[in-house]
Amino acid sequence: MLLPNGIRHLPGYLDHPAQEALVEAIRAVVAEAPLYTPVMPGTGKEMSVRMTNCGSLGWVTDKQRGYRYQSTHPVTGHPWPAMPQQLLDLWGDIAGYEKSPEACLVNFYGDDASMGLHQDRDEQDLKAPVLSVSLGNTCLFRVGGLNRNDRTLSFKLASGDIVVLGGEGRLCFHGVDRIYPATSTLLKNGGRINLTLRRVQP
Ligand SMILES: O=C(O)CCC(=O)C(=O)O
Ligand SMILES: [Mn+2]
């Protein structure tokens, strides 16, 4: 399958022990910075995905102030937990970008959650790639072009897969159409975790 320029799919990049270690690290992040349900700007409609972040900045959204990065958790008001070393190492190994990631958005998808087609464009530094890690149940990922109405293609992301959106593909539309229940035993209660590492400031 030919992906748009700048988009890379690295199937099975993380082996099982690396996935387990990452889940442990994310559990510690969630213990400090609980998952919350974000809402869309303007409408206030709840997203089906629950979110939190780690790193010096985190991506948040609410009805009044919309999409943005901030240094504190919107519910607890505390600074985000530090980014686990495994994620910094992963970025160093894959991103090919001199500056380190500032934000890791943690998305938790229950088996009936999804994410609509969107661009990641709230970062000031668009030269840095977005690096995305999948853990747990397989999903159907969709990627299009630079315009919302461009043709899209879909492929599955399994636990341990990595996707890089960089270069010409950095602003490609993408989303998650569905989760396939019981396709992984990594997460005891099912669902899927997605981590996206992002450089925000130039
Ligand atoms: O869950 C995924 O694979 C994609 C998540 C995503 O696009 C995002 O958080 O911006
Ligand atoms: Mn995205």
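Counting starts at 1 for both ligands and their atoms, following the listed order. All values below were derived from every heavy atom in this structure, side-chain atoms included, with hydrogens, water molecules and symmetry-related copies excluded.
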Applying the side-chain hydrogen bond (donor to acceptor under 3.5 Å, both in side chains) test to W59, which of T196, D122, N53 qualifies?
-> D122
With hydrophobic residues grouped by side-chain heavy-atom distances under 4.5 Å, do L3 and V163 end up in a single group?
-> yes
Exactly which residues line ligand 1, taking a heavy atom under 4.0 Å from it as the test?
-> L105, N107, Y109, M115, H118, D120, F141, H174, V176, R192, N194, R198
Within 6.0 angstrom of N189 CG, more than 12 heavy atoms from elsewhere = no
Walk me through it: do S48 and D112 pass the test side chain to side chain donor-acceptor pair (under 3.5 Å)?
-> CA-CA 8 Å; S48 59; D112 50 12; over 6 Å; no
Count, waters excluded, of protein N, O or S atoms under 2.8 Å from the Mn ion (ligand 2) = 3
E102/R199 ion pair, N-O < 4.0 Å | yes
Taking the six-membered ring for Trp, are the ring centroids of F155 and H9 within less than 6.0 Å of each other?
-> yes
Of the non-hydrogen atoms in G12 and D161, which two are nearest, and what is the gap between them?
-> N-OD1, 2.7 Å
For Y36, what residues pass the ring-ring contact (aromatic ring centres under 6.0 Å, His included) criterion, not counting sequence neighbours?
-> H73
Pairwise side chain to side chain donor-acceptor pair (under 3.5 Å) hits with a residue in residues 80-90, at least two apart = Q85-D89
